[in-house]
Amino acid sequence: MASQPYTEIPCENAAPAPRRLAQDLFARHDPRFAWTVSELSHLLKEVVAQELAPFHFWLGGEIVFNAPPARHVYATLRDERQNSIPLVFFQGAELFRKLELKSGEKVIAYGSLTLYAPKNTLQFQATELQRAKDDKESLMEAMRKSLARLAAEGLTDPARKKTIPPFPKCVGLVTSPAAAGFRDFVHTCFARAPHLSLLLSPTRVQGNGAAEEIRNALQLLDDTGECDLIVVTRGGGSIEDLWCFNDEPLARAIASARTPVVTAIGHERDNTLVDFVADRYAITPTKAAEMVTEGFFQAARERQTLTARLRQAILQQGQLRRTRLQHCLKSPHLLHPEILVSERKSRLATDEGRLYQALPSLAEKRRSRLENARHALLLGQDAILQRKRAALGALKAALRTLDPTGVLKRGYSILLDQRKRAIRKAEDAPRGTRLHALLGDGSLTLAVEESQTAIPQPPTP
């Protein structure tokens with residue numbers, strides 16, 4: 001798409017001067033009523049003021065200063081065909097000094113047409129002015145602004161991008177069948193995955209209206225629901241040729257598609273707006289085909305590797321079995337099996353004789369070990385019984401020592417009150433208390449006549 005260093009806004013509301021003005025100018029044929037130059041200048045000024053001056057537009061060209069800017073700027077705008085028009089910018093000297101413009105530089109100015117009456121010269125009266133940018137710079141700036149808007153909405157965020165299926169059954173293709181990128185993509189796909197189905201939605205890939213066609217083709221494939229993946233691609237070209245892929249509505253359509261989208265526009269050095277919002281981006285159509293078929297290609301390569309390994313293993317096993325078979329065929333046991341039978345009979349007879357010789361000795365050894373064990377068991381039981389009896393006697397002696405009846409038999413007694421509690425102190429049995437005395441042989445019922453807390457000492461001789 002061809003582009004200009006400035007934007008032309010057509011004045012759709014502008015119309016040629018009314019027919020009555022032309023009639024007024026040219027309808028007088030009487031030389032007595034000839035127009036004067038001042039009258040013509042005044043009429044032309046009115047025509048310009050009514051029909052041209054109300055419309056403001058951008059005008060671009062190469063600026064040539066008539067004089068160094070002082071307060072107002074007087075210059076000329078001209079193009080590559082050397083067509084020119086005077087330019088005036090009132091109070092514009094300060095702006096020109098900031099821009100540091102020089103004669104011969106390209107500018108774009110915003111303003112309207114006026115008439116310089118003294119010379120009946122049409123001039124462009126500017127109210128704004130800036131340096132003109134070349135085609136590529138202007139386009140890239142527009143692309144950067146669109147990308148900033150898309151990024152601010154999160155459409156370039158990797159987190160929102162869909163996963164590319166590793167084994168797609170059907171791949172939708174948005175491109176022109178006449179494009180070199182189409183041939184590269186199809187050739188690579190079928191070379192790596194011959195069974196893959198491709199569904200083409202043909203469209204123009206450059207020129208005016210191409211972006212809208214690409215959007216419609218993408219939407220058509222996305223709405224069918226038959227595609228596991230959609231590839232938008234074309235071959236290389238100039239920035240103008242690829243500019244339809246910098247269309248912001250197209251980028252938004254790719255971002256909102258339900259089907260994962262891969263873009264492959266141009267060559268490695270080319271970057272378009274749709275590459276930033278696509279789920280995956282490839283640098284060329286061939287690389288896009290490799291990306292789409294990578295799962296099939298890796299599976300096929302792994303299958304080839306496994307097939308080769310299996311074939312090698314089968315050959316090795318076959319060779320091993322062949323070697324073993326040849327070895328067996330040369331074995332004397334197979335050639336003369338009676339030798340093997342004779343060897344086995346001889347070995348069996350030898351083992352049988354050794355067994356008969358060993359059985360009596362083995363039985364005697366087992367019998368001796370059993371007798372020794374029985375004798376040891378009997379001796380052990382007697383020793384254990386003796387130890388248990390001694391321990392039991394010691395326990396009985398200890399119990400007799402602790403038995404209170406033994407103490408009572410030695411002449412002692414135990415005093416109990418009416419509630420069978422032992423009396424340990426004299427104060428526990430005041431006078432008149434009835435007590436029960438346990439003796440070594442029998443018991444007594446007593447009454448306390450006197451209670452002493454101190455033990456009386458025997459009289460000294």
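For reference, positions follow the sequence shown, starting with 1. Heavy atoms only: backbone and side chains are in, while hydrogens, waters and symmetry mates are out.
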S.K.: Between the main-chain N or O of Phe296 and the side-chain N or O of Thr293, is there a donor-acceptor pair closer than 3.5 Å?
M.R.: no
S.K.: Side chains of Arg149 and Ser146: donor-acceptor distance under 3.5 Å anywhere?
M.R.: yes
S.K.: Angle between ring planes, Phe96 versus Phe65, binned at 30° and 60°: parallel, tilted or perpendicular?
M.R.: perpendicular
S.K.: Flag yes if more than 12 heavy atoms outside Arg97 fall under 6.0 Å of its CZ atom; otherwise flag no.
M.R.: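 Above 12, so yes.
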S.K.: Nearest 0.5 Å, please: how far is OG1 in Thr156 from CG in Leu150?
M.R.: 7.5 Å
S.K.: Can you confirm whether Asp275 sits close enough to Phe245 that some side-chain heavy atom of one is under 4.5 Å from a side-chain heavy atom of the other?
M.R.: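 The answer is no; the side chains never approach within 4.5 Å.
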S.K.: Within the structure provided, determine whether Ser176 and Arg204 are in side-chain contact (heavy-atom separation under 4.5 Å).
M.R.: no
S.K.: So, taking the atom named CZ in Arg215 and the one named CG in Leu250, what distance separates them when rounded to the nearest 0.5 Å?
M.R.: 6.5 Å
S.K.: Tell me whether Lys161 contacts the main-chain N or O of Val277 through its side chain, where contact means a donor paired with an acceptor under 3.5 Å.
M.R.: no
S.K.: Checking side-chain polar atoms at under 3.5 Å, does His375 have a donor or acceptor matched by the opposite partner on Glu371?
M.R.: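 Short answer, no.
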S.K.: Could you tell me whether the side chain of Ile214 reaches within less than 4.5 Å of the side chain of Val232, counting heavy atoms only?
M.R.: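 Result yes, sub-4.5 Å side-chain heavy-atom pair found.
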S.K.: Regarding Gln317 and Arg321, is there a side-chain donor-to-acceptor distance under 3.5 Å anywhere?
M.R.: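 The criterion, which ignores hydrogens and geometry beyond distance, is satisfied for Arg321 and Gln317.
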S.K.: Say you draw a straight line from CD of Gln123 to CG of Leu77; how long is it, rounded to the nearest 0.5 Å?
M.R.: 11.5 Å
S.K.: Looking at Glu294, His187, Glu290, which hits side-chain hydrogen bond (donor to acceptor under 3.5 Å, both in side chains) with Arg192?
M.R.: Glu294
S.K.: Pick out which of Leu200, Ile230, Leu221, Leu199 makes a side-chain contact (heavy atoms from CB on, under 4.5 Å) with Leu173.
M.R.: Leu200
S.K.: Hey, is Arg234 close enough to Asp241 for a salt bridge, meaning N to O under 4.0 Å?
M.R.: no
S.K.: Are side-chain heavy atoms of Met143 and Phe276 found at a separation under 4.5 Å?
M.R.: yes
S.K.: I'd like to check Thr175 versus Phe185 (side-chain heavy atoms, cut-off strictly below 4.5 Å). Are they in contact?
M.R.: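 No. Closest side-chain heavy atoms not under 4.5 Å.
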S.K.: Does a side-chain heavy-atom distance below 4.5 Å link Phe124 with Val88?
M.R.: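 With C-beta onward as the side chain, the pair stays apart.
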S.K.: Does any N or O in the side chain of Ser368 come within less than 3.5 Å of the main-chain N or O of Glu364, such that one atom is a donor and the other an acceptor?
M.R.: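 Such a contact is absent between Ser368 side chain and Glu364 backbone.
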S.K.: Dump the intermediate steps for side-chain hydrogen bond (donor to acceptor under 3.5 Å, both in side chains) on Arg322 and Gln319, then the final yes or no.
M.R.: CA-CA 5 Å; Arg322 192 176 299 108; Gln319 182 63 33; 2.8 Å; yes
S.K.: Taking C-beta and beyond as the side chain, do Tyr281 and Asp279 meet within less than 4.5 Å on heavy atoms?
M.R.: no
S.K.: Within the structure provided, determine whether Val174 and Val261 are in side-chain contact (heavy-atom separation under 4.5 Å).
M.R.: no
S.K.: Looking only at side chains, do Glu302 and Gln298 share a donor and an acceptor under 3.5 Å apart?
M.R.: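 On atom types as modelled, these side chains do not qualify, holding no pair under 3.5 Å.
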